[in-house]
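The structure appears right after this line, and notes come after that.
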There are 2 protein chains.
Amino acid sequence: MSKTDKRNDILNAAMTLFAEQGFHGAPMAQISERAGVGAGTIYRYFKNRDVLIMEIHTTLFDKFTNHLKERYPHGRPVRECFFHIGKGIIDYFIKQPLEFRYNEQFHHSPYGLEVRRNKLTNTTGEHDIVLELYEKGMEYQVIKPIPMALFFDLAIAPIFWAVRDHHQGFIKIDNALSETIVSSCWDSIRI
Amino acid sequence: MSKTDKRNDILNAAMTLFAEQGFHGAPMAQISERAGVGAGTIYRYFKNRDVLIMEIHTTLFDKFTNHLKERYPHGRPVRECFFHIGKGIIDYFIKQPLEFRYNEQFHHSPYGLEVRRNKLTNTTGEHDIVLELYEKGMEYQVIKPIPMALFFDLAIAPIFWAVRDHHQGFIKIDNALSETIVSSCWDSIRI
DNA sequence: TTTCATAGAATGAATATTCATTCTTGTTTA
DNA sequence: TAAACAAGAATGAATATTCATTCTATGAAA
């Protein structure tokens, strides 16, 4: 087994256990067991628990944003871009329950706040498609004149809550309902 | 000091510490210290840690719903009722940062899922004003025909996210912005 | 009024457990 | 053979809960 294999096993095991049981329900011993490695081996690949948690996040985040960027309708109207993103988020996380749960855990932990803070304050750097959408929407005056953070809240919050409800069995999101959700979010931000 | 005083001291100390440091950042010893009681005393009033956490939630929840029910415009149009609730939530949690943070912690923990499950499945029992609003909206066809859980998601999620952003300093919610937020949520659910 | 007895409230040191991290020893690879 | 890798036992710190003991308030007895 190659070096990267083992590293991946650890990442996967940890992601699954954190998703299923929360950060505090998954001790390192359990992670190592599930990954099929010794407890000490984890520390050959990750300095400590926190680093492991952050590493999982960046790995998942990259995978997720790559998915969103696939077939992204660059240059098309703001509304169309918004629908691409909204439905893309739903599609992705409906198919990936564990990644979704990991994400939820992460963003409601101290780690998550840090990340969000960087995201919202560092306008420089990373080329974020949602941020770009906001700026374009403002420029062409197709969305309400509201602060960027609020734009995120209105546009994204119901989507995540709805996906959560789907996974918890409160609703069943099919294509039609997905359309309804994104369309409703659009109604809340469009002028 | 009366018996209820001491119980209240414990509830308050625990609520504050849980809000500030999360459930896992506040050991019982710290709670007892802050409450000004012995470590063992907590266990005279609460069977164990979990019971304490649940008890805080029900206490806060009662307080919160009572606030929402004050001057509730019974019998008025659905839109007006919705604005009362939406702005009521914002007002309340802007003024009560600690209760808000406790709430967030709670609802993103295993305890929270349990509570929400009961809420959405037990249609009998508690007389919930948001539920009533949903049914009335359906009846008069002033809101979109969507599942109840999704109604919650669209109507409430951005409000909570926005309040969180306010407390984290990303936006500043004044009266005007509060109106904008609730109005935007309304746009997403109205027909 | 003062003294004593009692209930039960309160305490916090002691206990038992859990868990991240390190260390020692053995194994594989180059 | 030397160097890197892996395993899992050992360590020590943290922490929820318990429980033997102390304290306090009330009221009866002297």
Side-chain angles (χ1 to χ4, degrees), chain A residues 1-59 101-102 105-106 108-115, chain B residues 1-59 101-102 105-106 108-112 114:
Chain A
M1 186 187 295
S2 89
K3 193 165 169 165
T4 56
D5 273 353
K6 206 153 267 190
R7 192 187 136 94
N8 258 329
D9 290 349
I10 294 167
L11 279 175
N12 281 325
M15 192 272 279
T16 305
L17 288 172
F18 287 146
E20 285 174 349
Q21 314 180 22
F23 289 132
H24 304 278
M28 299 300 267
Q30 201 181 355
I31 293 170
S32 74
E33 191 189 1
R34 175 157 193 146
V37 304
T41 305
I42 296 178
Y43 291 85
R44 293 198 56 76
Y45 295 94
F46 306 94
K47 188 172 183 338
N48 56 40
R49 192 172 219 267
D50 285 359
V51 168
L52 174 59
I53 288 171
M54 280 302 298
E55 200 76 16
I56 294 172
H57 170 257
T58 55
T59 305
R101 296 203 52 192
Y102 185 89
Q105 301 279 347
F106 182 82
H108 292 279
S109 71
Y111 311 104
L113 172 57
E114 197 58 26
V115 168
Chain B
M1 187 188 291
S2 88
K3 192 164 171 167
T4 57
D5 272 354
K6 206 152 265 190
R7 194 188 135 94
N8 259 330
D9 288 350
I10 294 167
L11 278 175
N12 280 327
M15 192 272 277
T16 306
L17 288 172
F18 286 145
E20 284 173 351
Q21 315 181 19
F23 288 134
H24 304 277
M28 298 301 267
Q30 201 181 354
I31 293 169
S32 72
E33 191 189 2
R34 176 158 192 145
V37 304
T41 306
I42 296 178
Y43 292 85
R44 293 196 56 77
Y45 294 95
F46 307 96
K47 189 174 181 339
N48 56 40
R49 194 172 217 268
D50 285 0
V51 167
L52 173 61
I53 287 172
M54 280 301 299
E55 200 77 17
I56 294 172
H57 171 257
T58 54
T59 305
R101 296 202 52 192
Y102 185 88
Q105 301 276 348
F106 183 83
H108 293 281
S109 71
Y111 311 104
E114 198 59 25

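- Candidate nucleotides D:dA7, C:dC19, C:dA10 were compared by shortest atom distance to the side chain of B:Arg44, and C:dA10 ranks first.
- Within the 4.0 angstrom heavy-atom criterion, no nucleotide atom of any strand lies near B:Gly25.
- With D:dA6, C:dA10, D:dT15 as the choices, the nucleotide that has an atom nearest any side-chain atom of B:Pro27 turns out to be D:dT15.
- The two residues A:His57 and A:Val115 have their closest heavy-atom pair at CE1-CG1, 4.0 Å.
- Checking C:dA13, C:dT11, C:dT21 against the side-chain heavy atoms of B:Ala39 singles out C:dA13 as nearest.
- Within 6.0 Å of atom CD in A:Glu20, more than 12 heavy atoms from other residues, nucleotides or ligands are found, so the atom counts as buried in its surroundings.
- At the phosphate of C:dA9, neither OP1 nor OP2 sits under 4.0 Å from any side-chain N or O atom of B:Lys6.
- Remark on the helix from C:dT1-D:dA30 to C:dA30-D:dT1: inter-end axis angle 20°, axes from five-pair C1' superpositions, rounded to 10°.
- A heavy atom lying under 4.0 Å from DNA chain D marks the following residues of residues 46-56 of chain B, by number: B:Asn48, B:Arg49.
- Between the CD atom of A:Gln21 and the P atom of C:dC19 there is a distance of 10 Å, rounded to whole Å.
- Between B:Leu11 and B:Tyr45 there is no side-chain heavy-atom pair separated by less than 4.5 Å.
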Would you tabulate the pairs of protein nitrogen or oxygen atoms and nucleotide nitrogen or oxygen atoms of nucleotides 24-29 of chain C closer than 3.5 angstrom?
none

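- Residue A:Tyr43 has its side chain nearest to C:dT22 when only C:dT22, D:dA16, D:dA6 are considered.
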Check your understanding: Please walk me through it: do A:Ile31 and A:Val37 pass side-chain contact (heavy atoms from CB on, under 4.5 Å)?
Key -> CA-CA 9 Å; A:Ile31 293 170; A:Val37 304; over 6 Å; no
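- To the nearest 0.5 angstrom, B:Gln21 atom CD is 4.5 Å from B:Gln30 atom CD.
- Between the P atom of D:dA14 and the NE2 atom of A:His24 lies a distance of 16 Å, rounded to the nearest Å.
- Atom OG1 of A:Thr41 and atom CZ of A:Arg7 lie 14.0 Å apart (nearest 0.5 Å).
- Between B:Val37 and A:Phe23, the residue anchored nearer the 5' end of DNA chain C, judged by the nucleotide with its closest heavy atom, is B:Val37.
- Between B:Phe18 and B:Phe23, the ring-plane angle classifies as perpendicular under the 30° and 60° cut-offs.
- Here A:Asn8 contributes atom CG and A:Met15 contributes atom CE; the two are 10.5 Å apart, rounded to the nearest 0.5 Å.
- Within the 4.5 Å cutoff, no side-chain heavy atoms of A:Glu114 are placed close to those of A:Met54.
- Using a 4.0 Å cut-off, some side-chain N or O of B:Tyr45 falls inside it from OP1 or OP2 of C:dA10.
- One interatomic measurement links the two molecules: CD1 of B:Ile31 to P of D:dT15, which rounds to 11 Å at whole-angstrom precision.
- One atom, CD1 of B:Ile42, and another, P of D:dT18, lie 13 Å apart when rounded to the nearest Å.
- Following rounding to the nearest Å, A:Glu33 (CD) and C:dA20 (C1') show an atom-to-atom distance of 16 Å.
- B:Ile56 is not listed as a side-chain neighbour of B:Phe106, based on a closest heavy-atom distance of 4.5 Å or more.
- D:dG8 atom P lies 16 Å from atom CD of A:Gln30, rounded to whole Å.
- Among all heavy-atom pairs drawn from A:Thr58 and A:Glu55, the shortest one is OG1-O, 3.0 Å.
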Practice item. Carefully, step by step, assess B:Arg49 and B:Ile53 under the rule side-chain contact (heavy atoms from CB on, under 4.5 Å). Key: CA-CA 6 Å; B:Arg49 194 172 217 268; B:Ile53 287 172; 4.3 Å; yes
